[in-house]
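One structure is given below, encoded as structure tokens.
When a residue number appears, it is its place in the shown sequence, counting from 1.
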Amino acid sequence: MSDYNRIEKAMTYMSEHTSRQPTLEEVAAHVHLSPFHFQRVFCRWAGTTPKRFLQALTLERGKRMLKEEQSLMDVSHAIGLSGGARLHDHFVTLEAVTPGEYRNNGEGVAIQYGFHDTPLGKMFVAVTRRGVCRMEFLDYGSADEVLTELRKTWPKGELIQNESATSYVIDALFSEHAGWGHGPLSLNVVGTNFQVAVWRALLRIPPGRLASYSQIARALGYPKASRAVGNAVGANPVALLIPCHRVIQQSGAMGGYRWGAPKKQMVQMWEQLREEPVELYL
């Protein structure tokens with residue numbers, strides 16, 4: 001088991017057993033490490049201590065953050081509906097596939113893809129010359145399944161497995177200097193005008209903050225379109241970079257996530273804690 005696999009397995013275990021507060025020794029045993037070694041590995045890859053991660057999971061974070069952001073998120077520009085395409089956290093630019101490109105079904109487009117281990121689990125990444133076109137966790141799908149979905153979107157595109165061509169995306173998110181020195185990350189996605197508008201709104205929710213489906217609907221000028229917003233969020237083709245994990249229900253409940261509620265909670269906690277100082281022995 002690699003360190004990546006151990007940290008992903010440990011985060012999942014803590015997410016699934018938060019109510020009974022598993023001890024450091026228990027979680028370490030679950031991933032077959034001594035408590036001392038597990039804590040050092042976890043801090044190195046997750047950017048925080050196991051104790052701090054579990055504390056964050058324990059908080060009723062959604063309701064608290066929604067309350068803090070209520071007045072701000074009711075204003076359209078608070079989620080970036082005014083301004084340029086450069087994003088708050090990863091300096092990502094989103095470019096939708098043109099109608100002509102869509103009609104051509106990806107003909108003449110080379111799509112390179114790769115499978116990568118990360119602290120949040122194994123991920124699939126696919127890129128065109130214009131940017132990332134698909135990124136997702138493999139928790140509930142096989143490699144064949146994600147490739148089948150990719151072919152449905154780009155039926156005439158040329159698919160080429162090449163991890164070296166996609167590793168820059170993983171480095172930009174998870175390397176020791178994540179977010180620095182990688183230049184802007186570009187996305188090249190297929191979606192309806194409404195879906196793309198929702199995805200752009202998601203990109204403007206600051207890291208560590210949350211918004212509800214109804215807040216996004218109101219900000220887009222469609223206050224009764226919460227369900228449509230939810231469908232667009234669920235159709236997000238690029239995990240993490242288009243942060244659908246930052247959207248929860250108005251009540252503060254976690255809401256749906258293609259890769260499961262524990263994964264959604266794990267991603268939220270990782271994002272919230274990764275820039276905090278690491279205290280190894282607390």
4.5 Å side-chain heavy-atom contact, [X] and [Y]:
X: V31; Y: F38; answer: yes
X: R130; Y: V97; answer: no
X: Y113; Y: V127; answer: no
X: V41; Y: R44; answer: yes
X: V267; Y: W259; answer: no
X: V125; Y: I170; answer: yes
X: M11; Y: L120; answer: yes
X: L203; Y: P243; answer: yes

Identify the heavy atoms of [X] and [Y] that sit nearest to each other, and give their distance.
X: M14; Y: P50; result: SD-O, 3.9 Å
X: A211; Y: I205; result: CB-CD1, 3.8 Å
X: E25; Y: P35; result: CG-CG, 3.8 Å
X: Y13; Y: P22; result: CE2-CB, 4.1 Å
X: A217; Y: A225; result: CB-C, 4.0 Å
X: A197; Y: L220; result: O-CD2, 3.9 Å

Is a side-chain N or O of [X] found less than 3.5 angstrom from the main chain of [Y], in a donor-acceptor match?
X: H37; Y: L33; answer: no
X: R218; Y: P223; answer: no
X: W199; Y: A235; answer: no
X: E149; Y: V146; answer: no
X: R134; Y: L150; answer: no
X: E163; Y: F115; answer: yes
X: K264; Y: V247; answer: yes

W270 and F174 aromatic centres sub-6.0 Å: yes
Residue pair [X] / [Y], side-chain donor-acceptor N/O under 3.5 Å:
X: T166; Y: H116; result: yes
X: E271; Y: H245; result: yes
X: Y257; Y: Q265; result: no

E8 and R6 ion-paired at < 4.0 Å: no
To the nearest 0.5 angstrom, please state how far the [atom1] atom of [X] sits from the [atom2] atom of [Y].
X: K122; Y: S2; atom1: NZ; atom2: OG; value: 8.0 Å
X: K152; Y: N105; atom1: NZ; atom2: CG; value: 14.0 Å
X: T128; Y: L187; atom1: OG1; atom2: CG; value: 10.0 Å
X: M269; Y: R52; atom1: CE; atom2: CZ; value: 9.0 Å
X: C133; Y: N188; atom1: SG; atom2: CG; value: 6.5 Å
X: I111; Y: L147; atom1: CD1; atom2: CG; value: 10.5 Å

Cation-aromatic face contact K263/F137, 6.0 Å, 45 degrees: yes
Check step by step if side chain to side chain contact (heavy atoms under 4.5 Å, CB included) holds for V196 and L94. CA-CA 9 Å; V196 172; L94 184 151; 3.8 Å; yes
Is the number of heavy atoms from other residues, nucleotides or ligands under 6.0 Å of Y222 OH greater than 12? no
More than 12 non-hydrogen atoms from neighbouring residues, nucleotides or ligands closer than 6.0 Å to CZ on R20, yes or no? yes
How far apart are the C-alpha atoms of F124 and M135, what are their side-chain angles, what is the distance that settles it, and do they pass the side chain to side chain contact (heavy atoms under 4.5 Å, CB included) test? CA-CA 5 Å; F124 172 80; M135 184 169 175; over 6 Å; no
What's the verdict on side chain to side chain contact (heavy atoms under 4.5 Å, CB included) for I242 and R200, showing C-alpha distance, side-chain angles and the deciding distance? CA-CA 8 Å; I242 297 178; R200 289 190 186 279; over 6 Å; no
Passes side chain to side chain contact (heavy atoms under 4.5 Å, CB included), Q268 versus L210? Steps please. CA-CA 9 Å; Q268 289 177 357; L210 303 173; 3.7 Å; yes
Single hit among N236, V189, L202, V169 for side chain to side chain contact (heavy atoms under 4.5 Å, CB included) with L241: V169
